[in-house]
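Report on one structure; see the data block that follows.
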Amino acid sequence: MSGSSITPQTSSLRSAFEFLTGQLRQIGLFIALIVIVIFFQITTGGITLAPINVSNLIIQNSYILILAIGMVMVIIAGHIDLSVGSVVAFIGAAAGVLITKMGVPWPVAVVLCLVLGALIGAWQGFWVAYFKIPAFIVTLAGMLTFRGLTEITLQNTAISPFPDGFRAIGAGFLPDLGGGQTVVEPLTIILAVLVVLGMIGFGIRGRMTRRKFAVEDEPLWWFIAKLAFTSLLIALVAYLLASYNGTPIALVILGVLTVVYSAIMARSVWGRHIYAIGGNPLAASLSGVKTPRVTFTLFINMGVLSALAGLVFTSQLNLASPRNGDGFELDAIAAVFIGGAAVTGGIGKITGAIIGGLIIGILNNGMSILGVGTEYQALIKGLVLLAAVAFDVFNKRRSGR
């Protein structure tokens, strides 16, 4: 009798455990982020979560996160782009020449640089999509080509300074509605409240739609827990930012990109085709997916995002240099794989890439504060990347069983 009375509870606990096991990839990512933050918060004596450090952390990693958004889409489709660091440098060089040498107004120069990024992406995408040359080879050639073009454009010299309006793209903040007289900056708090309300509203609406069509497979307790955790995280970051200078413009750009591309990958035909190509290119082609066109547009998109990252980085640094962008492709790729994307393609999320990028950024920031040498920083990041990929392989094997 006692056995029958505990059967429903046991069954419920078992179902919850099985669901959590299925969400192991996402849960592990958030746990890793929290553990790393807590570790550095303790070891740095509270500097990690100091308002000024949180603000600097977001600004200094914004361009890598922008690259990670484009890179995760490329990797989901089963490709890779090794040229993004060189494109960042080339776009910065082009912006420097246009603005400081030719006197082009900086808003016009920004538009021209984004168009140039699209042309770069189209050039590389053409060879990958229509000539079937592996993306690894095409973008490796692009890495060398655009690094060379950067040096030619700048004639091996650096260009600086840039106008204040341009510099605000990467290093500026939204206006302080409190005029500097309030304890926390009001606009940041208002934006955070609107973001949380919007997230909750869209979440509830999506859940109701899924329930209507009987495709909801997420327990209510998990749905509530996710919303609560994300809301608290947004509130914490907003409070820390509002305690310093407010909302960085780079964060606004990053936030808009995250929302837009998350929606594209989850709901648009183009996004579904990207997942299909990465999962099984032959099956996708046989089912009617125009694989070459999707691949072509995918690289155009990567070119535009690389150009945007180049503008953000150049404006933040206030310098166009031949050495800009060194190693950016490695950080972006590492962010994507740490964020849960599959090495073989077909799996990955925009938010996962963002969290992976934050993990890389917090590691860099925390180790720099602690005075860890660059050689040990590279060693640790390499081990973290290896652990993330090993975890992905383990997850696949467990799911297969």
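We use all heavy atoms of the structure for the numbers below, so side chains are in, but hydrogens, waters and symmetry mates are not. Positions are given from 1, in the same order as the sequence printed here. The structure displayed is predicted, hence computed values, not measured ones.
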V35: which of I31, V37, L33 passes side-chain contact (heavy atoms from CB on, under 4.5 Å)
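Exactly one pass, corresponding to I31.
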In Å and rounded to the nearest 0.5 Å, what is the [atom1] to [atom2] distance from [X] to [Y]?
| X | Y | atom1 | atom2 | answer |
| --- | --- | --- | --- | --- |
| L254 | I249 | CG | CD1 | 13.5 Å |
| I300 | I120 | CD1 | CD1 | 12.0 Å |
| I75 | T344 | CD1 | OG1 | 11.5 Å |
| F136 | L82 | CZ | CG | 5.5 Å |
| I66 | N61 | CD1 | CG | 11.0 Å |
| L241 | L191 | CG | CG | 10.5 Å |

Could you report the tightest heavy-atom contact between [X] and [Y], atom names first, then the distance?
| X | Y | result |
| --- | --- | --- |
| L49 | Q41 | N-OE1, 2.9 Å |
| V54 | T48 | CG2-O, 3.7 Å |
| F162 | I159 | CE1-O, 3.8 Å |
| A307 | G117 | CB-CA, 3.8 Å |
| G178 | P186 | N-CD, 3.6 Å |
| V304 | A118 | CG2-CB, 3.6 Å |

Would you confirm whether [X], through its side chain, and [Y], through its main-chain N or O, come within 3.5 Å as a donor-acceptor pair?
| X | Y | result |
| --- | --- | --- |
| D326 | G85 | no |
| S62 | I59 | yes |
| S268 | M265 | no |
| E185 | L177 | yes |
| T150 | F146 | yes |
| T230 | L227 | no |
| S262 | V259 | no |
| R147 | P322 | yes |
| Q377 | V372 | yes |

A quick test of your reading: do over 12 heavy atoms of other residues, nucleotides or ligands sit less than 6.0 Å from CZ of R267?
no
How about CD on Q155, more than 12 heavy atoms from neighbouring residues, nucleotides or ligands closer than 6.0 Å, or not?
no
Could you go through the side-chain contact (heavy atoms from CB on, under 4.5 Å) check for F131 and V138 one step at a time?
CA-CA 10 Å; F131 271 74; V138 172; over 6 Å; no
I'd like to check the salt bridge (Lys or Arg N to Asp or Glu O under 4.0 Å) partners of R167; sequence neighbours left out, ordered by chain and number.
none
Could you check if a side-chain atom of [X] sits within less than 4.5 angstrom of a side-chain atom of [Y], using non-hydrogen atoms only?
| X | Y | value |
| --- | --- | --- |
| W270 | L298 | yes |
| M208 | I204 | yes |
| K212 | R207 | no |
| I234 | M199 | yes |
| V128 | T139 | no |
| W123 | L119 | no |
| I169 | I253 | yes |
| I350 | M73 | yes |

Let's go through L383 and L379 carefully: what are the C-alpha distance in whole Å and the side-chain angles of both, what is the deciding distance for side-chain contact (heavy atoms from CB on, under 4.5 Å) to 0.1 Å, and is it a yes or a no?
CA-CA 6 Å; L383 292 175; L379 171 64; 4.3 Å; yes
Who are the side chain to side chain contact (heavy atoms under 4.5 Å, CB included) partners of L319, not counting sequence neighbours?
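With sequence neighbours excluded, L319 shows a side chain to side chain contact (heavy atoms under 4.5 Å, CB included) to A158, S160, L317, S321, given in chain and number order.
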Is there any ring-ring contact (aromatic ring centres under 6.0 Å, His included) pair reaching into residues 291-314, and which pairs are they, with sequence neighbours excluded?
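Applying ring-ring contact (aromatic ring centres under 6.0 Å, His included) to every pair that reaches into residues 291-314, excluding sequence neighbours, yields Y63-F313, H79-F299, Y130-F296, F313-F328.
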Throw together a table of side-chain donor-acceptor distances under 3.5 angstrom for residues 86-99, partners on residues two or more places apart or in other chains.
| unit_1 | atom_1 | unit_2 | atom_2 | d |
| --- | --- | --- | --- | --- |
| S86 | OG | M143 | O | 2.7 |

Would you tabulate the side-chain donor-acceptor contacts of residues 354-367 under 3.5 Å, counting partners in other chains and residues two or more places apart, or write 'none'?
| unit_1 | atom_1 | unit_2 | atom_2 | d |
| --- | --- | --- | --- | --- |
| N364 | OD1 | K381 | NZ | 3.2 |
| N364 | ND2 | I360 | O | 3.4 |
| N365 | OD1 | N53 | ND2 | 3.0 |
| N365 | ND2 | N53 | OD1 | 3.2 |

Decide side-chain contact (heavy atoms from CB on, under 4.5 Å) for W106 and S315; before the verdict, give the C-alpha distance in whole Å, the side-chain angles of both, and the deciding distance to 0.1 Å.
CA-CA 11 Å; W106 71 263; S315 64; over 6 Å; no
Which pairs, with at least one residue in residues 238-247 and sequence neighbours excluded, count as a side chain to side chain donor-acceptor pair (under 3.5 Å)?
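Every pair satisfying side chain to side chain donor-acceptor pair (under 3.5 Å) with a residue in residues 238-247: T188-T247.
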Could you check W127 against I137 for side-chain contact (heavy atoms from CB on, under 4.5 Å), going step by step and ending with a plain yes or no?
CA-CA 10 Å; W127 295 105; I137 302 299; over 6 Å; no
